[in-house]
Amino acid sequence: MALQIFNTETRQKEIFVPLVENKVGMYVCGITVYDYCHVGHARVMVVFDTVVRHLRSLGYDVNYIRNITDIDDKIIKRALENGESIQQLTGRFIDAMHEDEAAMNVLRPDQEPLATEHMDDIEGMISTLIEKGHAYPADNGDVYFNVKSDEDYGRLSGKNIEDLESGARVEVNTAKRDPLDFVLWKASKADEPAWASPWGQGRPGWHIECSAMSTKCLGNHFDIHGGGMDLTFPHHENEIAQSECATGEHYVNTWMHCGFVRIDDEKMSKSLDNFFTIREVLKVYHPEVIRYFLLSSHYRSPVNYSEENLNIAKSSVGRLYSALELVTPSSTMVENTDFQSQFMSAMNDDFNTPQAFAVLFELAKEVNKTQSADLACLLKTLANQVGLLEEAAQQFFKLQPSDSDLTDEAIEALIEERATARANKDFARSDEVRDLLLEQGIELLDSAKGTSWRKS
RNA sequence: GGCGGAAUAGCAAAGUGGCUAUGCAGUGGAUUGCAAAUCCAUCUACCUCGGUUCGACUCCGGGUUCCGCCUCCA
């Protein structure tokens, strides 16, 4: 089964055909760095990381670009509040973002362009748009994109200009010729950071940086562009308008958008102040549990953040690891099994991770039953393709975040003591030790090979 | 108001015009000194009303409810 991807623009799954054979150019809208990343950001990171991993496993040479927005109104405001420079603020949160990603097994993109480092490209694209009559400098020093000059405007989000006009909110900005026009270049006030431009001191509008940087990194026309669903309109719609009006070429073949993380059936977002940061959640759950949770529903569906659902994810990942704890994977994988082809088919069907997970569970059952080290290797290999089961199995169960104060040495000592008691058939003491450890969230598992432990 | 997406067992979540999805939890059994893990068996489903069909959870139409975008948002 060939890879099919749901394209937001056509609202259907399409067989993926890259522009250049065996190569994929992919751009994903990253985050604006003025705070810690939350679980909603984590989903975008994990989903597109999984997309890239799968494309690579299919043999594509992927050039994965994800930008960082390091200049905008919120950044300016937050830096002012904190009494620090913009560079200090963004630098801190870029580092924090990289830590969070690394924790969740998210591979770094090939390039992470910063808006502030591409002012020339941004300026160039704005100039071209003005030359071609698609943009105009206004009296207040701003430069706007003229939406009416783009006949195709609205095709990604399925909106038409008339509907947008009738639904337009009260426009306070009178410098625009039309309420639908959006800003490409913002004139700066006296105390704001500014870059020189033919239109005076200012900074870029939000949408233009992605058009300029994606074109710079991937060319005028590339394969895949992704982001969260909330970016479909206006951000990506505006990107298409800017890019296609500037270059005269088709901009992007496949648009991918991932669904929201919800809390109590509401979108997790900064403006609703109902978010959990990645680092908060990592204090309670192992990174692979979070990763599993985020991939346990299809990327376009909403996923509900709750303790119950995280706990389900924890138990589920535990089941997969149990198989690998029971059977040490060999170094030779069995190729061309049904499991492998089912797994690949699921992933080829618009990255159907829940279906792929079902295959992993069936494979885990088979590993448990047959004790096949080769199948265990297959399980690990396939799971690795979606960034799971990368830990040593024994380690996974010991690395669960918990409140226990016991050191590994203390646990091992108690296990020793219990072993002696058991050898002497002192089962009362043996059970005492088991209960003692259980109170600390430590579970003991006896087997022919001896006693192992895990944090519950 | 415009546009778009959802409704599946206790919970989570795929999928299909007729055949056990899967995971978590529950129940019974095997195993265990006792447990856990594992294996076997097992109970709970497809929002509602019509239509098409030999047959619909799956297709079509009307409802209902929920969510998102239309302002910054991943």
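Order of the sequence lines sets the chain letters (A, B, ...), proteins ahead of strands, with each chain counted from 1. Side-chain atoms are counted along with the backbone in the values below, which use heavy atoms only and exclude waters and symmetry mates.
Residue A/Lys267 places at least one side-chain N or O closer than 4.0 Å to OP1 or OP2 of B/C69. Note on A/Asn368: a side-chain N or O is less than 4.0 Å away from OP1 or OP2 of B/C39. Residue A/Arg319 places at least one side-chain N or O under 4.0 Å from the OP1 or OP2 atom of B/C39. For A/Lys365, a side-chain nitrogen or oxygen approaches OP1 or OP2 of B/C40 to under 4.0 Å. Taking 4.0 angstrom as the limit, A/Asn352 places a side-chain polar atom (N or O) nearer than this to OP1 or OP2 of B/G15. OP1 or OP2 of B/C72 has not a single side-chain nitrogen or oxygen of A/Thr69 nearer than 4.0 Å.
Judged by distance alone, the side chains of A/Gln340 and A/Thr337 never bring a donor and an acceptor atom under 3.5 Å apart.
A heavy atom lying under 4.0 Å from RNA chain B marks the following residues of residues 272-299 of chain A, by number: A/Ser296, A/Ser297, A/His298.
Exactly one residue among A/Asp73, A/Asp142, A/Asn140 makes a side-chain hydrogen bond (donor to acceptor under 3.5 Å, both in side chains) with A/Lys186. That residue is A/Asp73.
Rounding to whole angstrom units, CD of residue A/Glu9 and C1' of B/C3 are separated by 16 Å.
Contacts of A/Asn309 with the nucleic acid, taken as non-hydrogen atoms under 4.0 Å apart, involve only primed sugar atoms and P, OP1 or OP2. Within the nucleic acid shown, A/Gly318 has no heavy atom closer than 4.0 Å to any nucleic acid atom. At the heavy-atom level, A/Gly227 lies under 4.0 Å from the strands shown only through sugar-phosphate atoms.
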Nucleotide-level pairing of RNA chain B, given in dot-bracket where Watson-Crick and G-U pairs need both distances under 3.5 Å and | marks other strands: (((((((..(((.....[...))).(((((.......)))))....(((((..]....))))))))))))....
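Judged by a 6.0 Å distance limit and a 45° cone about the ring axis, A/Lys267 is positioned over the six-membered ring of A/Phe260.
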